[in-house]
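Below is one structure; the comments refer to it alone.
Every chain is numbered from 1, with letters handed out A, B, ... down the list of sequences.
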Protein chains: 2
Amino acid sequence: MSAVPGTDEAMLETGSTTDIVGYRLRRAQLSVFQRFLAAFEALDLRPAEYSALALIGDNPGRKQTEIAEILGIKRANFVALINGLEGRGLTERRAAREDRRANALYLTTDGARFLEKARAVQDDFEADCITRLGGPKARDTLLDLLGRLC
Amino acid sequence: MSAVPGTDEAMLETGSTTDIVGYRLRRAQLSVFQRFLAAFEALDLRPAEYSALALIGDNPGRKQTEIAEILGIKRANFVALINGLEGRGLTERRAAREDRRANALYLTTDGARFLEKARAVQDDFEADCITRLGGPKARDTLLDLLGRLC
DNA sequence: TATTGTTATACTCTATAACTATA
DNA sequence: TATAGTTATAGAGTATAACAATA
């Protein structure tokens, strides 16, 4: 029908649906997380697991509940996550001295080594994000704007 | 121990974990979606349902698969979503003239009225996002940066 | 053969309630 | 009483496979 190849199907009108903050935020987050999963496939590490490892590495000896809360994960759901990391020999629970109900979380020696590798992958991944955004200033602008939405 | 109230517990070191694009994106998206859910509670409408209604409103007669694909929803999962909207009398499936396998999607009269109300809520919601971001220019900057990440 | 809509199914993420052992 | 960790469970969202009807 149309004279131009590939244009037989009229384009959908999407602007009023997709040119909104929430929608774009969702699509961008899904896209970034998909690339994150691909980048961390070799290490078999998911976003929440990487965050937990990094946070424990920077704050050894903190209680499960503290780590979970910072990451926005319910303590009930954090149990399976930390079980997974512990099962791989990356983290360990030790009895907290001052409170015998609590588990203090630490990286194992293997976990610290593993985190080094993961941080290197993450640094590359972040560098790729910065390139896509158009440079470090654009990244800072994005983080600032995202912070205003929380 | 500390002289300043409320600072007995040392702050966690979070920067290296949370000052990265993926993490901030996730937190911002969760925060915005939570507010979206609250804003649309009275209409009992979720983000994906609003997007579907708005897209059908702007593109009546499109096939299920077209609408689903634009929204990034698998056609298998879109069935339950559209069943929900149809069950509420907001949309209807009609046999597509040119392809008897396909369902062409339309808003009902009630659906069109409902979408008007939903668009008004969304406009208020977007205005709130813009205010949080610091103005329309900041919003445009954000959408531009988010687009670069997809 | 390929595609549309559908069902069934499974896996992840998230949320709540309830239990235990401590505090 | 309240809190830390845990278990069980249920609800979303998402992914794939397979089927009937049609192209």
Side-chain angles (χ1 to χ4, degrees), chain A residues 8-9 22-23 25-27 29-31 33-34 36-38 40-41 44-52 56 61-87 91-106, chain B residues 8-9 22-23 25-27 29-31 33-34 36-38 40-41 44-52 56 61-87 91-106:
Chain A
D8 281 13
E9 298 294 328
Y23 185 87
L25 214 40
R26 169 174 170 258
R27 299 305 290 255
Q29 193 251 316
L30 288 174
S31 178
F33 266 51
Q34 240 173 287
F36 183 101
L37 287 173
F40 278 83
E41 198 177 17
D44 189 24
L45 207 61
R46 295 171 213 190
E49 293 174 327
Y50 170 75
S51 297
I56 294 169
R62 292 300 186 141
K63 292 188 295 182
Q64 277 188 212
T65 299
E66 289 180 294
I67 300 294
E69 192 172 337
I70 291 289
L71 297 177
I73 300 173
K74 303 276 177 199
R75 70 191 201 283
N77 296 326
F78 192 69
V79 174
L81 190 156
I82 205 69
N83 281 349
L85 295 177
E86 193 172 73
T91 62
E92 58 182 9
R93 294 164 161 103
R94 297 186 205 157
R97 310 175 218 68
E98 77 289 356
D99 185 343
R100 295 195 331 200
R101 294 170 303 179
N103 291 333
L105 298 182
Y106 295 87
Chain B
D8 282 13
E9 298 294 327
Y23 185 86
L25 214 39
R26 169 175 169 257
R27 299 304 291 255
Q29 193 252 315
L30 288 174
S31 178
F33 265 51
Q34 240 174 286
F36 183 101
L37 286 174
F40 279 82
E41 198 178 16
D44 189 23
L45 207 60
R46 296 172 210 188
E49 293 174 327
Y50 171 75
S51 299
I56 295 169
R62 292 299 186 140
K63 292 186 298 181
Q64 277 189 211
T65 299
E66 289 180 295
I67 299 294
E69 193 172 336
I70 291 288
L71 296 177
I73 300 174
K74 304 278 178 198
R75 70 190 199 285
N77 296 325
F78 192 68
V79 174
L81 190 156
I82 205 70
N83 281 348
L85 296 178
E86 194 172 71
T91 63
E92 57 181 9
R93 294 164 162 102
R94 298 186 204 158
R97 309 175 218 69
E98 78 289 355
D99 186 343
R100 294 195 333 200
R101 293 171 303 180
N103 291 332
L105 298 182
Y106 295 87

What side-chain donor-acceptor pairs closer than 3.5 Å can you find for residues 68-80 of chain A, not counting sequence neighbours?
none

Measure CZ/A:R93 against P/D:dG5 and give the value in whole Å, please.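 Roughly 9 Å, once rounded to whole Å.
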
Sequence neighbours left out, what passes ring-ring contact (aromatic ring centres under 6.0 Å, His included) with B:Y23? Give chain and number order.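 B:Y23 satisfies ring-ring contact (aromatic ring centres under 6.0 Å, His included) with no residue once adjacent residues are dropped.
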
Nearest-0.5 Å distance that lies between atom [atom1] in [X] and atom [atom2] in [Y]:
X	Y	atom1	atom2	result
A:R46	A:E41	CZ	CD	12.0 Å
B:L85	B:Y50	CG	OH	13.0 Å
A:I56	A:I67	CD1	CD1	5.5 Å

Minimum-distance pair of heavy atoms, taken over all atoms of [X] and [Y]:
X	Y	value
B:L81	B:E49	CG-CG, 4.1 Å
B:G61	B:A104	O-CB, 3.4 Å
A:R26	B:F33	CD-CZ, 3.6 Å

At a heavy-atom distance below 4.0 Å, which nucleotide of DNA chain C is the first touched by chain A, and which is the last?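 Going 5' to 3' along DNA chain C, contacts run C:dT12 to C:dA23.
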
Show each protein N/O and nucleotides 18-23 of chain D N/O combination with a separation under 3.5 Å, one pair to a line.
| residue | atom | partner | partner atom | Å |
| --- | --- | --- | --- | --- |
| D:dA23 | OP1 | B:R100 | N | 2.9 |

Pairs under 3.5 Å (N/O, protein and nucleotides 11-17 of chain D):
| residue | atom | partner | partner atom | Å |
| --- | --- | --- | --- | --- |
| D:dA12 | O3' | B:R46 | NH1 | 3.4 |
| D:dG13 | OP2 | B:R46 | NH1 | 3.2 |
| D:dT14 | OP1 | A:R26 | NH2 | 3.4 |
| D:dA15 | N7 | B:N77 | ND2 | 2.9 |
| D:dA15 | N6 | B:N77 | OD1 | 2.7 |

Just so I know, are the side chains of B:R62 and B:L105 near enough to count as touching, which here means a heavy-atom distance under 4.5 Å?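 Side chain of B:R62 against side chain of B:L105, heavy atoms only: no contact under 4.5 Å found.
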
5′-ward residue of the pair B:N83/B:K63 relative to DNA chain C: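 Of the two residues, B:K63 wins.
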
Go through the structure and list residues passing side-chain hydrogen bond (donor to acceptor under 3.5 Å, both in side chains) with B:Q64, not counting sequence neighbours.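 By the side-chain hydrogen bond (donor to acceptor under 3.5 Å, both in side chains) rule, B:Q64 matches B:R93, B:N103.
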
